[in-house]
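All of these numbers come straight from a predicted model, not from anything done at the bench. One-based numbering along the sequence shown. Excluded from the calculations below are hydrogen atoms, water molecules and symmetry mates; all remaining heavy atoms, backbone and side chain alike, are included. For ligands, and for the atoms within them, numbers begin at 1 and follow the listed sequence.
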Amino acid sequence: MAKFIFVTGGVVSSLGKGIASASIGKLLETRGLKVTIIKCDPYINVDPGTMNPYQHGEVYVTDDGAETDLDLGHYERFTNAKLTRDNNITTGKIYYSVITKERKGEYLGKTVQIIPHITDEIKNNIKKVVYGKKIDVAIVEIGGTVGDIESLPFLEAIRQLKLEMGRDYAINIHVTLVPYIKAAGEIKTKPTQHSVGTLREIGIIPDIILCRTEKRLSREAKDKIALFCNVDADAVIPAIDVKSIYEVPLSLRKEKLDSLIVKLLNQSCRQSNLDDWQNLVIERQKAPVAEVQIAVVGKYIALQDAYKSIYESLVHGAIANNTKLIIKKVDSEDIEKNGAGKYLKKVKGILIPGGFGNRGIEGKIKAVQFARENKIPYFGICLGMQIAVIEFSRNVCGLNGANSTEFNKKVKHPVISLLEEQRKVSAKGATMRLGAYDCRLKKGTHTYSAYRKEKIQERHRHRFEFNNQYRERMEKKGMVFSGINPQKKLVEIIEIKDHPWFVACQFHPEFKSKPDNGHPLFKEFIKASLNR
Ligand code: GLN
């Protein structure tokens, strides 16, 4: 029977619960345990797919085409757990399902209530991911902060689950902030005490308190937290700030967190071993032999989380090349105003990530032109590929005013347009081309030398596609179609001849890159940039 670790957060948001959950997953995997990680999100959207990045950060896409919380990205980067749409449970999903059942008459005669109907639905959704899947430990992270109205049904559901399963089968880890007050020269435990107090009011007693802190916790501070929060002093685990998120598993291991977890869960397994992780990730990050500056040109660059997986994948590409990465975030609207040279002259590589809508598009087109004409390695992702096609059509093929019908419906040369099947779609939720699709690579291309195989699968999230009517004209002018979807003949990857490295793909490779196994295209992009 699977065991459960419930992770809650207190005091403030952005404590890194996602990274902590992913790190615990990593540690348990190296002990030979099979893990899965579930994220519960208390918002009423069914999924984050329709939210602005400013609200939510990046939307992470799974193989099965779910648009999910970006924490699932951390889970997949740190562990080998295969995540699906079921690994992200939102309030919206739960209510949608309960109300649909109510309309069908499945609760006939009853008043449908938060307890037990909503909480049962949450519990069943959690169990569905775990049972019958040979999983040893399931980590369930509850989004939000204890004390929020929205997260109450989730907390009640995990309270009931722990009670049902009993000792040895479930533990609660509460992640809190232990702030350091500079003026007083002290760390403060009171917010943690209050947060645990709030948890206890709703019937949840933490087994482990994970304290985010910038200073070391003294024995005294640990004892104090232990006393007030009713846990063992050894169960007060400091999660001290580290330079790279990939050091978190090592730092938690040093604090013996995983030993404590397996002890509390009475789980027999071997010791954790992070030697490979240490050698392949941490050492290389610590001792780079080169440095590379890459520009990421987008419209959400002010927000750290908007291009999370892109930034991480660039880090992975740099790690694989023993290189220190410097990311220069460039706002495409600034390029519109001041030209590309001002921002891109000195960088070694240019990346344009995915995006939606009109704003900043012309600036991105200028950035691609700058990369193409100055032979700077270019990596386009999703919208970044579409922009590259538009730029090439306009400036190389002479198709004046070429555009995507996303930005101009009545354009003369719709080089990027909707497929017939997308034209009929009006609803916005989960209606894009989503998830993993096949792609066949052409030998003798940069793409092929990166992947070294013909058949690949990559994850998608877009509505618009390359318009095949223009393929021949562009081919004649030096565009190479290096990846094609065999079923629908869709263009998935383009390259440009006579350029050191110009590769752009319709899919999102950033969702499959790992720190110890960087994505081939990111590795090659960084390598090409280093050679510039
Ligand atoms: N807006 C474009 C489309 O829908 C690109 C989407 C993306 O970059 N994820 O096709």
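When only interatomic distances are considered, the shortest N/O to N/O separation between Gln506 and ligand 1 does not fall below 3.5 Å. For ligand 1, the polar-atom distance check against Phe356 finds no nitrogen or oxygen pair separated by under 3.5 Å.
Of the listed residues (Lys514, Arg459, Lys82, Lys308), just one forms a salt bridge (charged side-chain N to carboxylate O under 4.0 Å, His left out) with Glu76, and that residue is Arg459.
In the vicinity of His508, heavy-atom distances shorter than 4.0 Å reach the ligand 1 atoms 9 (N).
Nearest non-hydrogen protein atom to atom 7 (C) of ligand 1 is Cys382 SG, 3.0 Å. Looking from atom 5 (C) of ligand 1 to the surrounding protein, the closest heavy atom is Gly355 O, 3.3 Å. From the protein, the heavy atom lying nearest to atom 9 (N) of ligand 1 is Arg461 O, 2.9 Å. The nearest protein atom to atom 10 (O) of ligand 1, hydrogens excluded, is given as Phe464 N, 2.8 Å; this is a heavy-atom distance. Given atom 4 (O) of ligand 1, the protein heavy atom at minimum distance is Arg463 N, 3.0 Å. Here the heavy atom of the protein found nearest to atom 2 (C) of ligand 1 is Glu406 OE1, 3.2 Å.
In this structure, Arg433 falls outside the shell of residues with a heavy atom less than 4.0 angstrom from ligand 1. Contact analysis leaves Met432 out of contact with ligand 1, as no non-hydrogen atom separation drops below 4.0 angstrom.
Atom NZ of Lys128 and atom NZ of Lys133 lie 8.0 Å apart (nearest 0.5 Å). Between atom CD of residue Glu141 and atom CD1 of residue Ile38 there is a gap of 11.5 Å, rounded to the nearest 0.5 Å. We find the CZ-CD1 distance between Phe154 and Ile94 to be 5.5 Å, quoted to the nearest 0.5 Å.
Asn322 places no side-chain N or O within donor-acceptor distance of the main-chain N or O of Val289, the cut-off being under 3.5 Å.
Contact annotation: for Glu465 versus ligand 1, there are no heavy atoms closer than 4.0 Å. Counting heavy atoms closer than 4.0 Å to ligand 1, residue His462 contributes atoms from both its backbone and its side chain.
A cation-pi contact links Lys329 to Tyr311, judged by a cut-off of 6.0 Å to the six-membered ring centre and 45° from its axis.
Looking at every heavy atom in both residues, Ala239 comes nearest to Leu252 through CB-CD2, 4.2 Å.
The ring pair (Phe, Tyr, Trp, His ring centres under 6.0 Å) test applied to Phe379 returns Trp501, Phe522, Phe525, not counting sequence neighbours. Residues satisfying the ring pair (Phe, Tyr, Trp, His ring centres under 6.0 Å) test with Tyr60, not counting sequence neighbours, are Phe511.
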